[in-house]
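Counting starts at 1 for both ligands and their atoms, in listed order. Side chains included, hydrogens not; waters and symmetry mates left out as well; all remaining heavy atoms used. This structure is a prediction, so every number in the text was calculated from the model and none was measured. Numbers here are sequence positions counted from 1.
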Amino acid sequence: MAQVRFAEVDIVVPDGQSLLDALEKAGQSIPSSCRSGLCHACLLRADEGEIPAQAQSPLSSRQKAQKLLLACQCYPTSSLRLSVPKEASRVKATLVDKVPLGRDILRVRFTSDVAWFPGQYTTLWRNDTEGRSFSIASHPERDGFLELHVRKRAGGVISDWLDNRLMPGQECLISQPRGQCFYTPECRFHPLLLVATGTGLSPIYGVLKEALDIGHTFPIYLYAAAGDPEGLYLVRELKELAHAFPQLHFRPVVRRQPEIGMLEGDVVDVVSSQHEDLKDWRVFLCGTPETVRKLQKKCFLQGASMSAIVADAFESPLNV
Ligand code: FES
């Protein structure tokens with residue numbers, strides 16, 4: 001085990017536990033998303049101590065020289081003193097409104113001067129050290145605001161702050177949006193397969209609206225999955241879009257108690273049984289890492305090239 005110091009608190013990291021898990025278990029709110037070294041949301045700086053090589057392997061030489069590390073990839077073996085790197089790129093955002101979208105999903109909308117592509121993610125900062133990454137569902141010009149879908153959690157530091165404390169008109173800081181999950185002009189000439197679990201629908205909704213807005217005419221299949229019908233959201237809006245755009249096929253999928261028009265089962269099985277040939281398709285998969293990994297493999301085996309699959313996996317830590 002190793003001892004680390006973060007935000008003036010001493011924390012023990014047991015052997016085999018990631019620094020990110022240990023900090024969260026100790027009640028610290030660290031920005032995170034993929035938890036697999038891809039998104040770089042969990043970037044921290046080691047002000048003192050030796051950084052395990054694996055915690056820096058996905059980083060640039062410049063980031064390594066700055067003593068940055070990825071908390072989700074860091075398994076410390078000796079003591080470290082850590083801080084959240086100050087980003088010159090944090091900018092102000094003003095909360096416009098917040099609206100419940102379903103049983104436990106909150107839609108929050110901000111105005112801000114940042115630029116983004118629908119489907120990228122940003123980190124929302126409650127203070128200097130507590131932040132959380134969320135994917136963006138809106139378009140900067142066409143919608144004019146930055147829309148995020150937040151799952152409300154009992155005791156969640158960031159979701160509780162958004163739900164109960166940050167009020168319309170108040171400001172906070174956000175990071176420059178990042179990530180590869182967005183519709184590119186090259187997608188325009190291919191059928192699209194979009195699959196979301198939970199709030200993975202946020203980036204998928206952004207990608208979908210971008211595709212429709214720029215006139216995508218090839219078929220688009222969108223699967224939104226949840227445990228039960230109550231866990232789904234934006235169902236009415238997506239049905240209306242499917243009605244208005246015949247190329248869009250919307251398929252809600254639930255594991256139990258399906259309502260009329262819903263498919264029942266595991267979303268991996270449902271999608272793979274309905275799309276046996278994905279050659280030339282463009283695929284966007286957003287949601288929990290396990291489901292995204294399984295879907296990625298299935299889609300590849302069913303003909304999609306790896307370069308045609310965009311996978312945006314994220315975990316939701318319990319205290320967010
Ligand atoms: S790289 Fe650590 S959460 Fe994504």
Side-chain angles (χ1 to χ4, degrees), residues 2 4 6-7 11 13 16-46 51-64 66-76 80 82-87 89-90 116-117 119-126 128-136 148-151 153 156-159 174-182 196-200 202-204 284-293 295-296 309-320:
V4 301
F6 176 78
I11 294 160
V13 186
Q17 188 171 79
S18 75
L19 177 60
L20 179 60
D21 285 339
L23 290 171
E24 287 175 351
K25 282 213 165 82
Q28 303 292 338
S29 179
I30 307 295
S32 67
S33 184
C34 70
R35 302 176 90 86
S36 53
L38 298 172
C39 73
H40 296 193
C42 63
L43 215 53
L44 295 179
R45 182 174 43 237
I51 305 171
Q54 161 198 11
Q56 288 191 308
S57 58
L59 301 181
S60 67
S61 48
R62 190 178 175 148
Q63 288 172 309
K64 288 177 186 168
Q66 291 172 319
K67 301 230 169 244
L68 299 179
L69 60 91
L70 296 177
C72 71
Q73 300 302 302
C74 183
Y75 295 82
L80 287 169
L82 300 157
S83 60
V84 176
K86 284 264 183 298
E87 290 177 58
S89 54
R90 282 188 207 176
W116 70 85
F117 295 112
Q120 287 191 299
Y121 68 87
T122 182
T123 301
L124 209 54
W125 294 92
R126 176 184 178 221
D128 269 1
T129 57
E130 291 179 309
R132 172 75 172 116
S133 301
F134 298 97
S135 295
I136 306 170
L148 312 174
H149 301 164
V150 179
R151 184 174 296 283
R153 293 186 180 280
V157 174
I158 302 296
S159 65
I174 61 170
S175 298
Q176 289 288 351
R178 306 179 53 171
Q180 304 302 316
C181 180
F182 55 85
T197 65
T199 52
S202 180
I204 288 291
F284 291 80
L285 311 170
C286 300
T288 55
E290 196 191 344
T291 302
V292 166
R293 260 194 302 273
L295 279 166
Q296 198 173 19
I309 303 173
V310 176
D312 185 2
F314 58 86
E315 295 268 24
S316 296
L318 293 176
N319 66 341
V320 165

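- Nearby protein atoms of type N, O or S around atom 2 (Fe) of ligand 1 amount to 2 (distance under 2.8 Å).
- Separation of atoms CZ (Phe117) and CD1 (Ile136) is listed at 11.0 Å; rounding is to 0.5 Å.
- The two atoms that bring Gln73 and Arg35 nearest to each other are NE2-O, 3.9 Å, heavy atoms only.
- Residue Gln180 qualifies as open at atom CD: its count of foreign heavy atoms under 6.0 Å is 12 or below.
- Residues Trp116 and Thr122 have side chains that never bring a donor and an acceptor to within less than 3.5 angstrom of each other.
- Cys42 approaches Cys72 most closely through the heavy-atom pair SG-N, 3.4 Å.
- Remark: side-chain polar atoms of Ser60 are paired, donor with acceptor, to backbone N or O of Gln63 under 3.5 angstrom.
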